[in-house]
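Structure record follows, encoded as structure tokens.
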Amino acid sequence: MAGLRAIGYDFDYDEYHSYVHGRLPYDNLKPDPQLRNLLLTLPLRKIIFTNADKVHAVKALIKLGLEDCFEGIICFETLNPTHKTTVSDDDDIEFLGSDVAKPDVLSSPEIFDIIGHFAEPNPSGSPTLLPKTPIVCKPQESAIELALKIAKINPQRTLFFEDSVRNIQAGKRVGLHTVLVGTSQRPKGADYALESIHNMKQALPELWETDMKSEVSYSGQVTVETSVTA
């Protein structure tokens with residue numbers, strides 16, 4: 001979505017999510033009692049931060065039997081409450097394509113190859129920059145910072161679990177402690193690497209031994225976090 005908007009395409013966000021996520025085989029997801037037990041016994045705040053829309057996030061949680069294991073969800077709608085046409089609220093640069101003809105009538109629209117973009121060598125070692133987009137999402141550092149602000153989270157006292165190396169590295173730059181899930185190989189930017197999320201108690205037993213008991217009482221239904229006005 002962010003890439004399509006960056007090169008000038010405009011579309012309804014809800015329609016896009018309905019088309020992409022609405023066709024997923026949710027019935028393949030089964031309850032995960034082991035993960036549920038780990039989450040319910042973990043005496044700390046637990047918040048979901050996803051680029052997906054709230055319908056997809058809640059549906060997946062219900063299928064996994066985890067809908068009452070989290071304090072809330074920060075999702076696509078949280079960070080993108082309106083269909084913005086500019087790069088950011090603080091940027092007066094008009095977004096490419098917002099006031100021009102639709103892409104199908106453009107004489108020669110430039111196609112952005114995101115796979116090729118990330119395949120290019122980056123000798124400087126600095127973060128790879130994407131074209132500007134009005135969509136706020138990971139791995140943008142600003143998106144992570146906004147999520148932390150909304151949830152009133154101190155990054156230096158937070159573990160960020162992810163299955164994306166790009167998101168892990170962005171989280172590390174923001175100051176989060178990071179856990180890459182899905183591999184035992186720890187890349188740059190990851191403080192921990194877990195082959196499976198079910199291994200987190202073995203890898204991080206101190207989280208269950210902490211004296212900082214959670215003051216959050218979950219209602220049995222996750223809450224979708226709302227955006228804030230700076």
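Keep in mind the model is a prediction, meaning the values are calculated, not measured.
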* **Check against side-chain contact (heavy atoms from CB on, under 4.5 Å), Leu61 and Ile48** => CA-CA 10 Å; Leu61 283 172; Ile48 293 173; 3.5 Å; yes

* Just wondering, do Tyr9 and Met1 contact through their side chains at under 4.5 Å, heavy atoms? -> no

* Can any side-chain N or O of Arg45 pair as donor or acceptor with the backbone N or O of Ala151 at less than 3.5 Å? -> yes

* Give the cluster check for Val20 versus Val55: same hydrophobic cluster or not, with ILVMFWY residues linked at side-chain heavy-atom distances below 4.5 Å. => no

* Measuring from Leu176:CG to Ile168:CD1, what's the distance to the nearest 0.5 Å? -> 9.0 Å

* **Shortest non-hydrogen contact between Thr178 and Gly189, atoms and distance** => OG1-O, 2.5 Å

* **Main-chain N/O of Asn154 paired to Thr158 side chain as donor or acceptor, under 3.5 Å** => yes

* To do: Report yes if some heavy atom in the side chain of Lys188 is under 4.5 Å from a heavy atom in the side chain of Val165; otherwise report no.
  => no

* Asked: What is the distance from atom CG of Leu35 to atom CG of Leu39, rounded to the nearest 0.5 Å?
  -> 4.5 Å

* To do: Using a cut-off of 6.0 Å, state whether more than 12 heavy atoms not belonging to Gln202 lie near its atom CD.
  => yes

* **Value rounded to 0.5 Å, distance of CG in Leu64 from NZ in Lys59** => 13.0 Å

* Asked: Do Phe161 and Ile197 come close enough that some side-chain heavy atom pair is under 4.5 Å?
  -> yes

* Asked: Under a 4.5 Å cut-off applied to non-hydrogen side-chain atoms, are Arg23 and Tyr19 in contact?
  -> yes

* Structure fact -> Here the gap from Ser142 atom OG to Lys149 atom NZ, rounded to the nearest 0.5 Å, amounts to 12.0 Å

* To do: Measure from the side-chain N and O atoms of Lys30 to the backbone N and O of Asp27, and report whether any donor-acceptor pair falls under 3.5 Å.
  => yes

* For Pro81 and Thr78, which heavy atoms make the closest approach, and how far apart are they? -> CD-O, 3.9 Å

* **side-chain contact (heavy atoms from CB on, under 4.5 Å) between Trp208 and Thr41, intermediate numbers included** => CA-CA 7 Å; Trp208 279 261; Thr41 59; 3.0 Å; yes

* Looking only at atom types and distance, does a side-chain atom of His21 sit under 3.5 Å from a main-chain N or O of Ala52, one as donor and one as acceptor? -> no

* I would like to know whether Asp32 and His198 meet side-chain contact (heavy atoms from CB on, under 4.5 Å); could you show each step before the answer? => CA-CA 10 Å; Asp32 190 336; His198 298 113; 2.8 Å; yes

* Taking all heavy atoms of Asp53 and all of Cys75, pick out the closest pair and write down the distance. => C-CB, 4.3 Å

* To do: Identify whether Leu44 and Ile73 are in the same connected component of the hydrophobic contact network (ILVMFWY, side-chain heavy atoms under 4.5 Å).
  => yes

* What is the minimum heavy-atom distance between Ile144 and Asn167, and which atoms define it? -> CD1-O, 4.3 Å

* **Test item: Leu38 and Leu42 side chains (from C-beta on) under 4.5 Å apart, heavy atoms** => no

* Does the ring of Phe76 carry Lys54 above it, NZ/CZ under 6.0 angstrom from centre and within 45° of its axis? -> no

* Identify the heavy atoms of Pro139 and Ala170 that sit nearest to each other, and give their distance. => O-CB, 3.2 Å

* **Gln140 side chain vs Ile135 backbone, donor-acceptor pair below 3.5 Å** => yes

* Quick one: which residue pairs count as a salt bridge (charged side-chain N to carboxylate O under 4.0 Å, His left out) with a foot in residues 191-203, not counting sequence neighbours? => Lys172-Asp191

* Between the side chains of Tyr26 and His56, does any donor sit under 3.5 Å from an acceptor? -> yes

* Asked: Within the distance-only criterion (no hydrogens, no angle test), does the side chain of Lys138 pair as donor or acceptor with the backbone N or O of Phe49 below 3.5 angstrom?
  -> yes

* Asked: Do you know the tightest heavy-atom contact between Ala190 and Leu180?
  -> CB-CB, 4.2 Å

* Asked: Rounded to the nearest 0.5 Å, how far does CD of Glu141 lie from CD of Gln169?
  -> 10.5 Å

* Working for side-chain contact (heavy atoms from CB on, under 4.5 Å), residues Leu159 and Leu207 -> CA-CA 10 Å; Leu159 269 175; Leu207 297 181; 3.4 Å; yes

* Could you tell me the separation between the CG atom of Asn51 and the CG atom of Leu79, rounded to the nearest 0.5 Å? => 8.0 Å

